[in-house]
Asker: 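Before I ask anything, let me first share the structure, which is written out below as structure tokens.
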Amino acid sequence: MVEHDALSATREAYDAAAASYAQLFRDTLRERPLDRALLSAFAEVVTACGDSQVADLGCGPGYVTAHLDELGLAAFGVDASPSMIELARQAYPGLRFDVGSMAALDIADGVLGGVLSRWSIIHTPPEELPVVLAEFHRVLAPGGHLLVGFSASDDPSHPTQVFDHAVVPAYRWSPDHLAAMLRKSGLAEVARMVREPQPTDRRQFQEIQLLARKA
């Protein structure tokens with residue numbers, strides 16, 4: 001099965017890179033004021049709907065989960081990589097971290113006020129992404145919000161483009177196409193942030209973050 005092969009490859013690659021990844025990206029939010037502002041806005045809209053429980057899906061070593069906790073959310077992390085989850089538990093022993101797949105979440109229907117997916121969909125084969133988006137919709141409560149981040153494709157006429165990610169091959173997405181997929185899954189776009197690549201960025205891709213709401 002394609003998804004199973006992709007998930008296994010992704011898990012093994014991130015297990016092998018977990019320690020270096022955690023070291024490399026631990027200060028990422030400190031260097032990104034716009035990302036911090038967007039996460040703060042995400043926390044505000046989630047709590048305004050009355051349910052502060054949020055799943056950070058593809059949480060890696062847990063630093064963003066911890067940031068959500070600092071913003072007052074009841075945040076927990078989920079990642080396919082057991083090594084990443086072990087690092088997250090060591091770094092943030094007061095928070096919950098679970099090994100799991102975004103395509104089959106061990107989370108009850110409609111219990112979350114928010115789902116965060118920061119660049120965690122990029123390794124999902126395009127034909128499997130609708131299953132993941134359906135899971136996001138399933139676990140969100142009515143009125144709950146999804147914040148999803150990804151790299152944009154260069155050509156809007158092509159929904160996806162493969163790129164050579166440092167850990168395992170990954171996909172860029174047309175923002176409009178992904179927004180349409182979210183709508184089909186019952187998640188209506190509320191806002192989007194587009195970050196242009198900086199001259200010092202290794203990859204000259206636009207970074208997109210879409211905020212969507214479950215009806």
Side-chain angles (χ1 to χ4, degrees), residues 3 6-7 10-11 14 21 25 28-29 32 35-36 38-43 45-46 53-69 71 73 75-81 84-85 88 96-107 111-126 128-141 144-152 160 165 167-168 170-175 177-195 205-214:
E3 191 278 335
L7 179 61
T10 301
R11 179 191 297 115
Y14 276 97
Y21 182 99
F25 292 105
T28 298
L29 286 179
R32 290 178 167 244
D35 282 21
R36 295 198 309 271
L38 188 56
L39 289 171
S40 294
F42 173 66
V45 296
V46 167
Q53 189 176 20
V54 170
D56 178 10
L57 302 180
C59 65
Y63 63 89
V64 178
T65 316
H67 185 73
L68 295 177
D69 177 71
L71 292 173
L73 297 172
F76 66 96
V78 179
D79 200 280
S81 164
M84 286 289 194
I85 291 298
R96 171 187 160 195
F97 294 98
D98 300 326
V99 177
S101 166
M102 294 188 300
L105 294 165
D106 187 18
I107 301 172
V111 297
L112 299 181
V115 166
L116 178 66
S117 171
R118 279 176 60 86
W119 280 264
S120 59
I121 66 168
I122 64 171
H123 302 300
T124 302
E128 298 295 331
L129 189 58
V131 175
V132 171
L133 299 183
E135 279 292 89
F136 293 173
H137 179 272
R138 180 185 67 78
V139 299
L140 280 170
H145 286 80
L146 164 71
L147 181 60
V148 57
F150 56 97
S151 297
T160 64
H165 188 275
V167 179
V168 67
Y171 302 88
R172 295 194 278 160
W173 286 86
S174 158
H177 182 78
L178 189 54
M181 292 181 70
L182 290 172
R183 285 195 300 272
K184 284 185 178 181
S185 299
L187 298 162
E189 181 180 355
V190 173
R192 72 174 68 176
M193 185 177 82
V194 180
R195 179 184 180 273
F205 302 159
Q206 282 186 334
E207 293 183 355
I208 310 297
Q209 297 194 58
L210 290 179
L211 180 67
R213 182 178 183 272
K214 178 176 175 177

Asker: If I take atom CD from residue Gln209 and atom CG from residue Leu116, how far apart are they, to the nearest 0.5 angstrom?
Answerer: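 With rounding to 0.5 Å, CD (Gln209) is 8.0 Å from CG (Leu116).
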
Asker: Determine the minimum heavy-atom distance between Pro175 and Leu210, stating which atoms define it.
Answerer: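 Scanning both residues, the minimum pair turns out to be O-CD1, 4.2 Å.
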
Asker: Report yes if the side chains of Leu211 and His145 come closer than 4.5 Å at any heavy-atom pair, otherwise no.
Answerer: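 Counting from C-beta outward, Leu211 and His145 do come under 4.5 Å.
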
Asker: Locate the shortest heavy-atom distance separating Gly58 from Ser120; write the atom from each residue and the value.
Answerer: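 Scanning both residues completely, I find the closest heavy atoms to be CA-CB, 3.7 Å.
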
Asker: If you compare all heavy atoms of Ile107 against all heavy atoms of Ala55, which two are closest, and at what distance to 0.1 Å?
Answerer: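 Answer, listing the atom of Ile107 first, then Ala55: CD1-CB, 4.3 Å.
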
Asker: Got a second to check how far Leu129's CG is from Phe150's CZ, nearest 0.5 Å?
Answerer: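 Spacing of CG (Leu129) from CZ (Phe150) equals 10.0 Å.
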
Asker: Please determine whether side chain to side chain contact (heavy atoms under 4.5 Å, CB included) holds for the pair Ser117 and Phe136, giving the CA-CA distance in whole Å, both sets of side-chain angles, and the decisive distance to 0.1 Å.
Answerer: CA-CA 9 Å; Ser117 171; Phe136 293 173; 4.0 Å; yes

Asker: Check Leu182 against Ala212 and note the closest heavy-atom contact, atom names and distance.
Answerer: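 It is CD1-CB, 4.3 Å.
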
Asker: Are Phe42 and Val54 close enough that some pair of their side-chain heavy atoms sits under 4.5 Å apart?
Answerer: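 They are in side-chain contact.
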
Asker: Is there side-chain contact between Leu39 and Leu147, with at least one heavy-atom pair below 4.5 Å?
Answerer: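 Yes - at least one pair of side-chain heavy atoms lies under 4.5 Å apart.
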
Asker: Less than 4.5 Å apart, any side-chain heavy atom of Arg118 and any of Asp35?
Answerer: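 A side-chain contact under 4.5 Å exists here.
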
Asker: Please round to the nearest 0.5 Å and tell me the distance separating atom CH2 of Trp173 and atom OG1 of Thr160.
Answerer: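 Interatomic distance, Trp173 CH2 to Thr160 OG1, rounded to 0.5 Å: 5.5 Å.
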
Asker: Of all heavy-atom pairs between Ala141 and Lys214, which one has the smallest distance, and what is that distance?
Answerer: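 The pair with the smallest heavy-atom distance is O-CD, 3.7 Å.
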
Asker: Please examine the side chains of Val78 and Asp106, heavy atoms only from C-beta on, and report whether any two atoms are closer than 4.5 Å.
Answerer: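 Asp106 vs Val78: side chains apart.
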
Asker: Taking the side chain as every heavy atom from C-beta outward, state whether Tyr171 and Pro126 have any atom pair closer than 4.5 Å.
Answerer: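 Result yes, sub-4.5 Å side-chain heavy-atom pair found.
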
Asker: Would you compute the distance between atom CH2 of Trp119 and atom CD1 of Ile208 and round it to the nearest 0.5 angstrom?
Answerer: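 It comes to 8.5 Å.
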
Asker: Return the minimal non-hydrogen interatomic distance between Ala43 and Leu71, and the atom names on each side.
Answerer: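 Shortest heavy-atom contact: CB-CB, 4.0 Å.
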
Asker: As an exercise, state the distance from CZ of Arg138 to CG of Leu105, rounded to the nearest 0.5 Å.
Answerer: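 Nearest 0.5 Å value for the CZ-CG distance: 6.0 Å.
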
Asker: Would a 4.5 Å heavy-atom cut-off, applied to side chains only, mark Cys59 and Ile85 as touching?
Answerer: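 Yes; the side chains approach each other to less than 4.5 Å.
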
Asker: Could you check whether any side-chain N or O of Ser101 sits under 3.5 Å from a backbone N or O of Ala103, counting only pairs where one atom can act as donor and the other as acceptor?
Answerer: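 Indeed, once roles are kept as given, a pair shorter than 3.5 Å links the two residues.
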
Asker: Which value, rounded to the nearest 0.5 Å, describes the distance between Glu128 atom CD and Met102 atom CE?
Answerer: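 Output value for this atom pair is 11.5 Å.
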
Asker: For the side chain of Arg172 and the backbone of Ala152, is there at least one donor-acceptor N/O pair under 3.5 Å apart?
Answerer: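 The answer is yes, because a donor-acceptor pair under 3.5 Å joins these two groups.
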
